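Data first, discussion second: the structure below is written as structure tokens.
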Amino acid sequence: MYIVQIASECAPVIKAGGLGDVVYGLSRELEMRGHTVELILPMYDCMRYDHIWGLHVAYENLSVPWYGGVIRCSVYCGWVYGRLCFFIQPHSQDKFFNQGRYYGCVDDNIRFAFFSKAALEFLLQSNKRPDVIHCHDWQTGLVPVMLFEIYKYQGMENQRVCYTIHNFKHQGLGGSDVLWATGLNREEYYFHYDRLGDNFNPFALNFMKGGIVYSNYVTTVSPHHAWEARCTEIGYGFGHTLHLYQDKFSGILNGIDYEVWNPESDRYIPHSYTKDDLTGKAKNKQALRERLLLREVDRPLVCFIGRLDEQKGVHLVHHAIYHTLQRSAQFVLLGSATEAGINDHFWHEKQFLNDNPDVHLELGFNEELSHLIYAGADLIVVPSNYEPCGLTQMIGFRYGAVPIVRGVGGLVNTVFDRDYDENHLPEARNGYVFYETDYAALESAMDRALDLWYDQPGEFRQCQQQGMHYDYSWNYPGKDYLEIYDRIRHK
Ligand SMILES: Nc1ncnc2c1ncn2[C@@H]1O[C@H](COP(=O)(O)OP(=O)(O)O[C@H]2O[C@H](CO)[C@@H](O)[C@H](O)[C@H]2O)[C@@H](O)[C@H]1O
């Protein structure tokens with residue numbers, strides 16, 4: 001099968017969070033299964049060019065119709081660890097992808113509407129006719145809309161779209177300018193509630209809704225979150241829409257790339273190790289302490305890695321730091337915040353805790369350091385308010401960092417409480433789960449985990465190894481996606 005992924009991220013060249021990991025990991029899995037995969041991405045000025053091999057211009061004069069005129073683009077091509085990627089670079093006074101960041105620009109909706117249009121024009125003009133186009137999140141929600149309303153009539157009538165939602169909160173809202181710019185026009189038609197009209201704001205177009213309504217199949221990133229999105233407020237207003245389209249909507253648990261995340265061969269960690277022999281892990285803990293100037297003591301090390309966002313339960317992340325210290329353990333945080341208030345808060349905390357030899361807050365994005373933290377930590381906290389899938393607990397498993405998570409979204413599908421899970425035999429349990437959002441709930445789960453570390457080290461090791469035993473690679477999800485592609489291809 002010939003599959004093209006259109007996305008705003010692909011790790012490690014463009015990675016703001018989990019979306020990048022998924023786009024890369026799924027593509028590699030599909031290729032390993034014998035399919036042809038190509039990726040279309042924006043050419044951001046701030047992406048990691050050092051992760052691209054053989055970057056060259058593949059297509060010099062891509063003319064993209066825009067607001068009744070055209071914007072000329074160059075399409076670059078290069079390999080990101082074996083994946084063939086096409087990067088779209090518009091030549092325009094509008095800065096589009098030259099703003100020093102991936103997201104958070106005032107014109108985000110227009111930037112990604114343009115990207116979606118340019119990606120389709122590229123397919124059309126270069127005569128690429130994939131069997132399946134796989135799009136992700138609100139940034140590419142307009143791809144199926146334009147494909148089935150415009151490009152279908154220009155020679156792309158056989159293409160099918162699978163659309164994956166990684167986060168329902170960010171839906172991409174726009175006004176009629178988006179319609180004039182993309183050539184969709186027909187305001188009345190698209191603002192209609194049955195098409196792109198936002199479920200709450202009658203004056204807004206909703207990109208994600210377009211993705212849901214127009215795609216041949218829609219997924220989110222875990223079975224439990226698919227249920228949450230349809231039946232609870234976590235769907236951020238899409239409950240009814242998903243209900244209407246339930247026949248083409250389901251949850252597929254993400255995987256993680258077992259080559260990128262592999263303690264046996266990880267080039268970012270000084271000591272490799274396996275689930276049968278964790279001595280290398282102890283040495284990595286030492287290396288992590290040395291690097292972050294933490295003192296060397298025989299105590300557990302707890303970590304948090306993730307975007308510092310309301311979604312991640314920042315109040316509980318904050319509390320986890322202090323509770324860890326109270327329990328005489330150590331804490332390492334790696335995170336970055338886009339919201340000024342949260343950012344200021346954690347910078348303040350960092351200054352306050354600066355001289356404490358048992359805690360380190362690293363504020364910023366650092367892929368290399370993240371590997372060492374997973375490898376050095378005994379426990380990883382994921383106290384999310386909501387979590388469509390969650391990759392950090394799965395990476396934690398792979399590196400023997402036992403997760404302590406809130407029982408929401410994909411965390412429910414992956415973490416099984418060592419003490420209380422009734423659906424799994426004791427030898428299949430792999431972490432700690434709490435449900436409420438208050439401090440007491442977090443503390444009780446943390447205490448159970450820390451007590452095990454302090455009082456029953458052998459049992460703790462067993463728990464680490466049980467987690468390492470799970471297969472959360474792309475093996476199973478890869479198969480699931482191929483089944484979906486196959487189903488929609490023959491419709
Ligand atoms: N400061 C930092 N430095 C280095 N690395 C960092 C980092 N902050 C985060 N990361 C890395 O980024 C990834 C984050 O994964 P998450 O599952 O938390 O995704 P996120 O919430 O961004 O995305 C959404 O999409 C993903 C994928 O579908 C879902 O799993 C998730 O639930 C949903 O919210 C991990 O690989 C982590 O190591």
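Hydrogens, waters and symmetry mates play no part in the numbers below; they use all other heavy atoms, side chains included. This one's a predicted model, so the numbers in the text were calculated from it and none came from an experiment. Atoms within each ligand, like the ligands themselves, are counted from 1 in listed order.
M208 is listed as a side-chain neighbour of I165, based on a closest heavy-atom distance under 4.5 Å. P263 places a side-chain heavy atom less than 4.5 Å from the side chain of R398.
The ring-ring contact (aromatic ring centres under 6.0 Å, His included) test applied to F168 returns H225, not counting sequence neighbours. A search for side chain to side chain contact (heavy atoms under 4.5 Å, CB included) contacts involving D471 returns Y258, S473, N475, Y476, not counting sequence neighbours.
Distance check: N254 CG to L391 CG gives 5.5 Å after rounding to the nearest 0.5 Å.
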Could you tabulate the donor-acceptor pairs under 3.5 Å formed by side-chain atoms of residues 404-413, not counting sequence neighbours?
residue, atom, partner, partner atom, Å
R406, NE, Y435, O, 2.7
R406, NH1, S384, O, 3.1
R406, NH1, N385, O, 2.9
R406, NH2, Y435, O, 3.2
N413, OD1, H224, N, 3.0

Anything under 3.5 Å between an N or O on ligand 1 and a protein N or O? List each pair with its distance, or write none.
residue, atom, partner, partner atom, Å
ligand 1, 1 (N), G364, O, 2.8
ligand 1, 3 (N), N366, N, 3.0
ligand 1, 17 (O), L391, N, 2.7
ligand 1, 18 (O), K312, NZ, 2.9
ligand 1, 19 (O), G18, N, 3.2
ligand 1, 21 (O), R307, NH2, 2.9
ligand 1, 21 (O), K312, NZ, 2.7
ligand 1, 22 (O), G18, N, 3.0
ligand 1, 22 (O), R307, NE, 2.8
ligand 1, 28 (O), H166, ND1, 2.7
ligand 1, 28 (O), N254, ND2, 2.8
ligand 1, 30 (O), G390, N, 2.8
ligand 1, 32 (O), E387, OE2, 2.5
ligand 1, 32 (O), P388, N, 3.4
ligand 1, 32 (O), C389, N, 2.9
ligand 1, 32 (O), G390, N, 3.0
ligand 1, 34 (O), Q311, NE2, 2.8
ligand 1, 34 (O), E387, OE2, 3.3
ligand 1, 36 (O), K15, NZ, 3.0
ligand 1, 36 (O), D21, OD2, 2.7
ligand 1, 38 (O), Y374, OH, 2.8

